[in-house]
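Data first, discussion second: the structure below is written as structure tokens.
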Amino acid sequence: MRRKRPIVLSMIILLCFCFRAEAQDYSFGLYSSLKGIGAVFEHSRPGNCFNCYSAIMDIYGMPTGRSNMPGAHFAFSHNVIYRESERNGVIYRLYWGTGGSMGFLHDFEKGLFASPGGTVLRRNYGFMAALDGNYGCKFIFRDELSIDLRFTGEFGFHMRRDEIHGNTDLACYLNGLFRAFYPQLIISYLF
């Protein structure tokens, strides 16, 4: 897994430089949520919309001691700004968008907290692919700093190797639905 990290980071950086810089705004920032932490890259598109790319460490089970390793989560969304206003030098943008995500992570299991001999995550990590929709509000200060509050729901599947029988299990990705109301905060710098 550690050998793949430089390759994944190189691909994300390459994506950042693949876009032409003609009359487009770019931003790069940090993602923080109860879902995980990570990095976000956004660029504006013609027609009052923007694209968002994110690479996130999914921390499901870690805060409660049920897991000791994060999962990897990558997402893309195309967002349409449907309302924009400015007040006291701050630009407010309401938007919604759709996209897709994929990752290698844990899915939902019953039980909340680890107890001696108890509720640690028993199921293996698995591959996830989902369609997602998001809704949010972006605050832009002095055309340099952006604070974005977003909610994202994901509908897809989770495929993992069964730890008891050794076969492949395919199921609905439940965390994408259960964690749809977890707020996500993105703080980014526009350049």
Side-chain angles (χ1 to χ4, degrees), residues 8-9 11-13 15-16 18-19 24-64 70-108 128-158 172-191:
V8 171
L9 288 174
M11 291 173 62
I12 292 170
I13 291 170
L15 275 174
C16 294
C18 287
F19 305 106
Q24 292 185 356
D25 295 322
Y26 297 92
S27 68
F28 186 76
L30 300 175
Y31 171 99
S32 178
S33 174
L34 295 172
K35 297 178 181 184
I37 56 174
V40 174
F41 173 75
E42 295 179 346
H43 69 94
S44 63
R45 304 292 298 160
N48 215 21
C49 55
F50 65 95
N51 290 341
C52 178
Y53 305 87
S54 59
I56 303 160
M57 284 190 324
D58 187 276
I59 61 170
Y60 176 70
M62 291 181 69
T64 58
H73 185 272
F74 303 98
F76 163 79
S77 66
H78 179 75
N79 303 290
V80 177
I81 301 165
Y82 68 88
R83 183 170 214 168
E84 182 173 333
S85 63
E86 183 175 348
R87 187 172 185 183
N88 297 330
V90 178
I91 299 171
Y92 303 88
R93 291 181 177 160
L94 294 175
Y95 64 90
W96 65 272
T98 59
S101 57
M102 62 186 296
F104 185 72
L105 39 77
H106 277 294
D107 197 8
F108 175 78
M128 176 275 296
L131 298 174
D132 47 295
N134 60 53
Y135 174 80
C137 182
K138 184 180 287 220
F139 306 94
I140 302 173
F141 302 91
R142 291 193 232 159
D143 290 331
E144 294 177 354
L145 179 69
S146 169
I147 298 177
D148 191 345
L149 180 63
R150 177 183 302 180
F151 296 91
T152 303
E154 299 171 299
F155 180 73
F157 66 87
H158 186 260
C172 180
Y173 178 54
L174 297 176
N175 269 345
L177 303 173
F178 293 158
R179 301 189 304 174
F181 296 105
Y182 285 12
Q184 303 157 47
L185 181 67
I186 300 168
I187 300 173
S188 55
Y189 178 75
L190 285 73
F191 55 94

Using side-chain contact (heavy atoms from CB on, under 4.5 Å) as the criterion, point out the one residue from Ile91, Leu190, Ile147 that pairs with Phe141.
Ile147
Excluding sequence neighbours, so at least two apart, what forms side-chain contact (heavy atoms from CB on, under 4.5 Å) with Tyr182?
Ser33, Leu34, Lys35, Arg179
I want to know whether Tyr53 and Phe76 have ring centres closer than 6.0 Å.
yes
Looking at residues at least two apart in the chain, or sitting in another chain, which of them share a ring pair (Phe, Tyr, Trp, His ring centres under 6.0 Å) with Phe178?
Phe108
Could you tell me whether Met62 atom CE has more than 12 heavy atoms of other residues or ligands within 6.0 Å of it?
yes
When you compare the side chains of Asn51 and His78, does any donor N or O come within less than 3.5 Å of an acceptor on the partner?
yes
How long is the gap from CZ on Phe157 to CG on Leu131, to the nearest 0.5 Å?
10.0 Å
Audit row: Trp96, Leu94, side-chain contact (heavy atoms from CB on, under 4.5 Å) steps and yes/no
CA-CA 7 Å; Trp96 65 272; Leu94 294 175; over 6 Å; no
Is a donor from one side chain sitting under 3.5 angstrom from an acceptor on the other, for Ser188 and Glu42?
no
Any side-chain to backbone donor/acceptor pair from Asn175 onto Tyr60? Under 3.5 Å, distance only.
no
Looking just at side-chain N and O atoms, do Tyr95 and Arg150 make a donor-acceptor pair shorter than 3.5 Å?
yes
Between Ser146 and Asp148, does the side chain to side chain donor-acceptor pair (under 3.5 Å) criterion hold? Intermediate values first, please.
CA-CA 6 Å; Ser146 169; Asp148 191 345; 5.6 Å; no
Does any N or O in the side chain of Asp58 come within less than 3.5 Å of the main-chain N or O of Leu105, such that one atom is a donor and the other an acceptor?
no
State which residues pass side chain to side chain donor-acceptor pair (under 3.5 Å) with Tyr92; sequence neighbours excluded, sorted by chain then number.
none
Run the side-chain contact (heavy atoms from CB on, under 4.5 Å) check on His73 and Ser101 step by step: do they pass?
CA-CA 7 Å; His73 185 272; Ser101 57; 3.9 Å; yes
